[in-house]
Amino acid sequence: MSCRVRFAPSPTGFLHIGGARTALFNWLYARHMGGCFVLRIEDTDAARSTQEAVDVITEGLRWLGLDWDEGPVSGDATQGSKGGHGPYFQSQRQAIYQRRARELIDKGLAYEQDGVVRFRMEREPVVIDDLVVGEVRRELTDREAVDPNFVIVRSDGQPVFHLVNVVDDLEMGITHVIRGEDHLSNTPKHIALFRAFGVSPPAYAHIPLILNSNGTKMSKRDTGASLSSYIEAGYAPEGIVNYLSLLGWSPKDDREVLSTEEIIRLFDLPQIHRHNARFDVNKLHWINYEHIRTMPQARFNELARPHLLESGIDPSRFSDDYISAALATCKEKIKVFSELPGFADFYFTETVHYDAEAAQKQLTESNLPRLRRLREAMTELPEFNAEAIQQTFKSLAKELGVKVGVLVHPVRLACTGKTVGPSLYHLMEVLGRERVLHRLEQAIAVIEKSCPTG
RNA sequence: GACCCUAUCGUCUAGUGGUUGAGGACACCGCUCUUUCAAGGCGGUAACACGGGUUCGAAUCCCGUUAGGGUCGCCA
């Protein structure tokens, strides 16, 4: 039988990075095995569930590239779903839970008391045969020794997590439950419930948790706990997927930078670790850069676009060729896309705003003749390309008896307003002769104004 | 308080009784390259939590201690 796994988040308004990793591991397993990945929305708490909150989940998964075979089409519960095991919103499955609770009462395995329905939990220790953790024999806690039974339907008629989770996994034919290790202690309850319904429980794989860099539990409030913070920071989906896959799993061959296709091929449950992993944003940064610098230019442009728009740059005002050429000079320089606007805005603005400190240092009287001479040389260049520009800088530096850097710094400032940026010669080629000459003249004018004697 | 899981460089990890004076990556520190900033190249610092066993031999197996994490809800 083909495997069926699921990701069952509750719509809290954001997607936890640990939740995203759980979704990823489920998805990887499904894709590796050729199985089915189900998305189920655990919105039993109707008050907390809004369409926006569900959209955060579906959009987060889509951004990561984790497509689901069954589940809601969108965050709008009325918009339908795909797959033959729906509905995939728990809020629409109330009748099923009531029927199942009734079944347990009828079998004498649950009973009503004080308006709630309680499940008769067995008193014996439960053995969990976990695919990751191994065989775990769970003894009763002191409270459970007093009363092992637990509530499955609240006094207001709403079913609780343990019931709905098991009923849905049962009815949806889930074969492997891959979830955070925080659920390991709940698993005896779930196993007992499956048995009460007369079926074998699914296989369990409890994956280690992601901790903060200081080793503490990552809670909702912690910075970096939300997937959206990484989307906004401009990480590439393939970088996040790669990094997340390495948290608690290893290909065991010393490779770190892997494409999603490779991870799918190599991924399997036995290679998952038992111990928690701390989130190391440095390594994420590095892996992300490795993906960014090697991705096709078209993919780079695609990921860059929202960040340009975000910063007020409208790419539609420029030709595709110009944008692509401009972005190509940034491709091996930036590590996250949020750096892009600050790095390359000069390509898309008419006026250049000089960095004040650099202007004081570079727009000086002694640089005035050099800039004049450069402007002249740039005007005369037969071909305005990076190689020719570089040659001109070199020969001019020699002629003037200065290092190339002496020319490079003021010209970079004139063209970009900054002290850092893409390769100067390439950036000048992309800008084009007309813009470069204009910006050189601007810089010259600034110096002339402040140094009348020049 | 009870129960469960875990323990190799700062971090992520390789390692499943001997080929390991413990390998890789990130980070860090040098050097180098260089039109800025990065990147790249070369080199370096850095770990088997502790204590008992088992064994000819233990990072690897067992027990304990300590530490970290998790669970014990009419939250999910």
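Because the structure is predicted, anything quoted here is derived from the model rather than measured. Below, read A as the first sequence line, B as the second, and so on, with proteins coming before strands; counting in each chain starts at 1.
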Whole-Å P distance, A25(B) and C42(B)
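Comparing P positions in A25(B) and C42(B) gives a spacing of 10 Å.
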U45(B) to U55(B) separation - C1' atoms, rounded to the nearest Å:
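Roughly 36 Å separates the two C1' atoms.
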Quick one: label [X] by what it contacts on the DNA or RNA (base, sugar-phosphate, nothing), any heavy atom closer than 4.0 Å.
X       : result
R137(A) : sugar-phosphate
L246(A) : sugar-phosphate
H273(A) : sugar-phosphate
K403(A) : nothing
G115(A) : nothing
V136(A) : sugar-phosphate
F150(A) : nothing
P422(A) : base
H183(A) : base

So if I apply the ring-ring contact (aromatic ring centres under 6.0 Å, His included) rule between Y230(A) and each of F279(A), Y243(A), F337(A), which one comes out positive?
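By the ring-ring contact (aromatic ring centres under 6.0 Å, His included) criterion, Y230(A) pairs with just one of F279(A), Y243(A), F337(A): F279(A).
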Closest listed nucleotide, where the reference is the side chain of [X] and the choices are [options]:
X       : options                : value
H275(A) : G40(B), U6(B), U35(B)  : U6(B)
S250(A) : G69(B), C3(B), A14(B)  : A14(B)
D254(A) : C72(B), G23(B), A27(B) : G23(B)
L247(A) : C12(B), G70(B), U11(B) : C12(B)
E139(A) : C26(B), A2(B), C3(B)   : C3(B)
L184(A) : A2(B), C4(B), C26(B)   : C4(B)
A277(A) : A76(B), U36(B), U13(B) : U13(B)
R412(A) : A39(B), U36(B), G15(B) : U36(B)
K333(A) : G40(B), A38(B), C26(B) : A38(B)

Ignoring hydrogens and geometry beyond distance, is the side chain of [X] in donor-acceptor contact with the base of [N] at under 3.5 Å?
X       : N      : value
N276(A) : G70(B) : no
S155(A) : C74(B) : yes
S213(A) : U11(B) : no
K283(A) : A25(B) : yes

Would you kindly give the CE-to-P distance between M218(A) and C12(B), to the nearest whole Å?
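Value for this atom pair: 12 Å.
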Mind calculating the distance between OH (Y289(A)) and P (C37(B)) to the nearest angstrom?
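Going from Y289(A) (OH) to C37(B) (P), I get 15 Å.
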Can you tell me if the side-chain N/O atoms of R143(A) get under 4.0 Å from OP1 or OP2 in G73(B)?
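Yes.
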Can you tell me if CD on E135(A) sees more than 12 non-hydrogen neighbours from other groups inside 6.0 Å?
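No, because the 6.0 Å sphere around CD of E135(A) holds 12 heavy atoms or fewer from other groups.
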Donor-acceptor side-chain pairing of R179(A) and H206(A) below 3.5 angstrom:
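Result is yes, a qualifying pair exists.
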R93(A) side chain to P87(A) main-chain N or O, any donor-acceptor pair under 3.5 Å?
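Present.
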Counterpart base for C37(B), defined by Watson-Crick or G-U wobble contacts under 3.5 Å:
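By the stated definition (distances under 3.5 Å), nothing pairs with C37(B).
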side-chain contact (heavy atoms from CB on, under 4.5 Å), that's the test. Do N301(A) and I323(A) meet it? Break it down for me.
CA-CA 8 Å; N301(A) 298 349; I323(A) 295 167; 5.6 Å; no
Can you check whether V352(A) reaches T416(A) side chain to side chain, under 4.5 Å on heavy atoms?
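No, every pair of side-chain atoms sits at 4.5 Å or beyond.
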Under a 4.0 Å N-O cut-off, is there an ion pair linking D355(A) with K361(A)?
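No.
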